[in-house]
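Presented below is the structure to which this report refers.
Positions are given from 1 along the sequence. The analysis underlying the following values was restricted to heavy atoms, covering all of them including side chains, and did not include hydrogens, waters or symmetry mates.
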Amino acid sequence: MTTKEHDASVYEQVQESSEFQELKRRFRAWTFPMTVAFLAWYLLYVVLSGWARDFMAIKLLGEINVGLIFGLLQFVSTFAIAWAYARHAEKKLDPIADKLRHEVEEKTK
């Protein structure tokens, strides 16, 4: 068996393992709902900007209106999601991924 064939079988074994399946499940369980939530939030902003112009034009503080606040909150929510994902990955994903990486490294030496 060549090294390339050996490496492929190791990766196939890892991919079929219950730990890898758990890693994928945890990743998807967090990212899919968060992606849907963020896209819904962004779509709300776009729809309101296009069809609720009077609402978006309401002045809140001086020349600052609802549309500007919603636009800035898009950036805030992006950074909040990135921060939350980093925490999620550190606690729930990285331990499993590190274990799998060490197993693969040992098998491919």
Plane angle bin for Y42 and F38 - parallel if under 30°, tilted between 30 and 60°, otherwise perpendicular: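 Plane angle under 30°, so parallel.
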If you look at every heavy atom in [X] and [Y], which pair is closest and at what distance?
X	Y	value
A89	P95	O-CD, 4.2 Å
L100	V14	CD2-CG1, 3.9 Å
Y11	T108	OH-CG2, 4.4 Å

L23 side, atom CG; S18 side, atom OG - distance, nearest 0.5 Å: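 Answer for the CG-OG pair, L23 versus S18, is 11.5 Å.
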Atom pair CG/CZ of L93 and R25 - distance to nearest 0.5 Å: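 L93 atom CG to R25 atom CZ measures 10.0 Å (nearest 0.5 Å).
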Side-chain contact test, heavy atoms from C-beta onward, threshold under 4.5 Å: evaluate it for [X] versus [Y] and give yes or no.
X	Y	value
Y85	T31	yes
E103	E19	yes
M56	W51	no
L43	L39	no
E16	Q21	no
I69	N65	no
I64	K59	no

Whether over 12 other heavy atoms sit under 6.0 Å from D98 CG: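 Check passes, neighbour count above 12.
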Neighbour count above 12 (heavy atom, 6.0 Å) for E63 CD: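 Count not over threshold, so no.
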Pairing of E90 and R87 as salt bridge, 4.0 angstrom limit: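 No.
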Evaluation steps, side chain to side chain contact (heavy atoms under 4.5 Å, CB included), between F70 and W41: CA-CA 10 Å; F70 270 39; W41 160 239; 4.3 Å; yes
Same apolar cluster (I L V M F W Y, side chains within < 4.5 Å links), Y45/V76: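 Yes, because Y45 and V76 connect within a single hydrophobic cluster, where side-chain heavy atoms sit under 4.5 Å apart.
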Hydrophobic cluster membership, L48 vs L60, 4.5 Å side-chain cutoff: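 Cluster IDs for L48 and L60 match.
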CA sep, side-chain torsions, deciding dist, call: M34, H88, side chain to side chain contact (heavy atoms under 4.5 Å, CB included): CA-CA 12 Å; M34 190 59 68; H88 168 74; over 6 Å; no
Short side-chain to backbone donor-acceptor contact, R26 and K92, under 3.5 Å: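 Indeed, once roles are kept as given, a pair shorter than 3.5 Å links the two residues.
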